[in-house]
Amino acid sequence: MLTNRVSIYFVFFLAIGAGVSRGDINLCRCVDSKSACWPSPEDWDAFNVTVCGRLILPKPTGSPCHGPHRSATLCQHIRNNWFDAYLRADNAGSMQSENWEDDGQKSCSMYAPESSVCHQGRVPLYGVQVATTRDVQSAVKFAARHKLRVVVKTSGHDFLGRSSAAGSFLIWMHKWKNITIDESFVSCGGERGNPVVKVDGGVAWGEVYDALKGTGWIVLGGMSLTVSATGGFIQGGGHGALGPSFGLGADNVLQMEVVTADGEFRVVNACHDPELFFSLRGGGGGTFGVVVSVTYKLHKNPSNIVGAFLLLSPSNGTSWSVETQEEILTVWSRGTVSLDAALWAGYWGFSSVQFVGELVVPATLAAANATLTPIVRALTQIENVTATYYVMRNHSTFQDWHAADYEVIYPGTLTDYTGHRVLLGSRIIPFSALKHPRRLAKSIVAAMALGGNGAVLGHMVIGPGVRAADPHRQTSVTTAWREGIWHLASWSTWEWNATEVTKLAARNNMKGFVKSLHSAFPNAGAYLNEASIDEPQWQRSFWGYSNYRRLMAVKLRVDPLGLFVCRKCVGSELWKEDGNCNRHY
Ligand SMILES: Cc1cc2nc3c(=O)[nH]c(=O)nc-3n(C[C@H](O)[C@H](O)[C@H](O)COP(=O)(O)OP(=O)(O)OC[C@H]3O[C@@H](n4cnc5c(N)ncnc54)[C@H](O)[C@@H]3O)c2cc1C
């Protein structure tokens, strides 16, 4: 097993093998706008001409509430919509998890007194709101020439802070939108008649779903409407509620277009640069270049879709004992074997005070009832467990279920609820764990007690579809997906004015949660997009070492000088913790 130390040597030797000279790899990025390395005003002006005036100065979300340019109206708008994912996606400087705008104690919260300084924190200093491939090429070449620290951002949803960095230069994809439905796409191997949707720039999943309404087609996308269809989701693998039927997002891609660190535009697919195609389907966002389009397979909308919503509560109105929690999860794990076979998908949340399931299955109402209701009955036979709410409904399309589900979980707003300071931890639970349901239940309850906020979110997004997809391993996601049953996550949060001690405690909570599941399932992997920032042996967890070697070789070929560096991303061990100087500097 490779330790972190060994892996640094391993990537160093790969770097030498890739023809990167020692001189080349002594490198620091220019992150101080007052230093001599920073582009001059004339440089910025000349660059701005090449991007048709689309140079921008990103600002933190809370900036209208502070300083000399404070605007009472704008500030009120920000306050009213602080937790609205659309507001954050629409602002170049906003991150969906507010902590990734902070740089230590330097922040710009709407809660802080108006007289307090609004710190730029990790929000990039300059950026380009790109609208074309040519803009992206100009931005990449300019950043490389001036040794800037590049970040690529589309929605800002990244949970590990990979789309922001102090002193950085932003390539902002979000406003560039184009969606093309093509029912007769010809694959690179000459196969005709593939129905596809091609998404360009910064298209979000909600926009793709809207475009597909009424066409009879569906696509494997994310649950969140604001997560982008071209960025971190797909490059990290991408899971969705259609996974048990159609696999991961990465299993559904036929072609991608990307601008690499040399500014070249490349079309990659199974025939053209298959190793880069492999890397872009699971190797992680912000690593191999700027993806400017993704072509996804379309599927026929199933003729029957049933959604179910389940809420279990303690009958005594207080909470469940540890024994009851274990019993609930034991019954649920046992039932999961048949739910999985029947292609049930969705999400379940569990804590000592409730069990919530928002579930969906491509089946008739009768078939859905026959598979789910006996399990609900078994759950409610446990002492002190009451089904407060249990409904099952037919939907004419998958999109209808999605919209109905959003009405239940985000009533009135229909937007993802973001804007908190949050860290995640997660594990892909192996299917084999279902052989010992009580042991599995005990492991989850033990992990909940050790870390996080005492709750877990189970993603039922794997099923037969993900396990059977990609038999020839043409995507770079961890094989844990191919052997998994649930993606299980927890989270820690803290307030804007928390001390460093409180923040560290929140971080340690997540470490505890991950460590506990890691020791219960030592060979399981983790989803790199929803992982802990302290994920141990992350190369192994996110990809497995054999995939990692291939990914590293591609990284060094297409980005030998590390223009794209992010936290726990391929090749990041060559760089210091903040990603600004490489480790040989
Ligand atoms: C509310 C919420 C719901 C979520 N739901 C799901 C879900 O249902 N399924 C799922 O799989 N995940 C889900 N996620 C996780 C999500 O997939 C990741 O946060 C993902 O990284 C978001 O990608 P993005 O491009 O939208 O975000 P960003 O923060 O903009 O980018 C994420 C990463 O991708 C890079 N990147 C962005 N655009 C590009 C590009 N064009 N080219 C190259 N690199 C790029 C960034 O540099 C960064 O490293 C959810 C997250 C949140 C916060």
Side-chain angles (χ1 to χ4, degrees), residues 83-86 88-89 92 94-98 100 124 130 133 136 140 150-165 168 170-174 176 199-206 220-243 248-250 256-261 279-280 282-294 345-347 402 405-406 409-410 415-420 422 424 426 457 459 461-462 466 477 481 487 489 491 527-531 559 563-570 572 579:
F83 301 107
D84 179 337
Y86 288 101
R88 287 176 177 270
S94 292
M95 304 301 143
Q96 302 284 349
S97 302
E98 179 66 15
W100 296 121
V130 297
T133 298
V136 176
V140 165
V150 174
V151 290
V152 189
K153 185 179 86 122
T154 304
S155 72
H157 268 298
D158 199 89
F159 280 117
L160 286 89
R162 294 164 175 142
S163 36
S164 65
S168 61
L170 171 69
I171 299 179
W172 191 37
M173 307 295 288
H174 172 73
W176 174 12
V199 289
D200 296 341
V203 169
W205 277 117
L220 189 297
M223 191 61 189
S224 160
L225 299 177
T226 48
V227 162
S228 85
T230 47
F233 169 91
I234 191 62
Q235 293 172 65
H239 61 71
L242 288 167
L248 292 172
M256 290 163 114
E257 294 173 330
V258 59
V259 173
T260 42
S279 306
L280 290 171
T287 305
F288 299 97
V290 183
V291 169
V292 295
S293 87
V294 181
Y347 308 87
H402 194 282
D405 189 66
Y406 255 54
I409 51 177
Y410 302 116
T415 169
D416 302 311
Y417 194 54
T418 60
H420 301 278
V422 62
L424 294 197
S426 65
L457 178 63
H459 300 67
V461 291
I462 302 179
V466 171
V477 301
W481 283 114
H487 163 51
W491 56 96
Y527 179 33
L528 65 102
N529 279 342
E530 296 179 330
D559 185 17
L563 186 66
F564 301 104
V565 174
C566 47
R567 186 193 305 276
K568 293 194 166 32
C569 296
V570 173
S572 59

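In what follows, every heavy atom counts, from backbone to side chain, and hydrogens, waters and symmetry copies are set aside. One-based numbering, in listed order, for ligands and for the atoms of each.
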Is the closest heavy atom of [X] to ligand 1 under 4.0 Å?
| X | answer |
| --- | --- |
| G240 | no |
| F288 | no |
| V227 | yes |
| G249 | no |
| G236 | no |

Looking only at protein heavy atoms, which one is nearest to [atom], and what is the separation?
| atom | answer |
| --- | --- |
| atom 38 (N) of ligand 1 | T154 OG1, 2.7 Å |
| atom 51 (C) of ligand 1 | F159 CE1, 3.4 Å |
| atom 5 (N) of ligand 1 | S224 CB, 3.7 Å |
| atom 20 (C) of ligand 1 | F233 N, 3.6 Å |
| atom 35 (C) of ligand 1 | G286 N, 3.5 Å |
| atom 41 (N) of ligand 1 | V291 O, 2.9 Å |
| atom 26 (O) of ligand 1 | S155 OG, 2.5 Å |

Nitrogen or oxygen atoms of [X] and ligand 1 under 3.5 Å apart:
| X | answer |
| --- | --- |
| S163 | yes |
| H157 | yes |
| G232 | yes |

Are F159 and W491 close enough that their ring centres sit under 6.0 Å apart?
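Judged by ring-centre distance (under 6.0 Å), F159 and W491 do not meet the cut-off.
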Between the side chains of H157 and T418, is a donor N or O closer than 3.5 angstrom to an acceptor N or O?
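T418 and H157 do not have a side-chain donor-acceptor pair below 3.5 Å.
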What I want to check is whether the side chains of D416 and Y86 have a donor and an acceptor closer together than 3.5 Å.
no
Without swapping roles, check the side chain of S572 against the backbone of V570 for a donor-acceptor pair under 3.5 Å.
no
Any donor-acceptor pair under 3.5 Å linking the side chain of K153 with the backbone of S94?
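Looks like yes, one N/O pair under 3.5 Å.
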For ligand 1, note which part of [X] has a heavy atom under 4.0 Å away: side chain, backbone, both or neither.
| X | value |
| --- | --- |
| Q96 | neither |
| Y417 | neither |
| E530 | side chain |

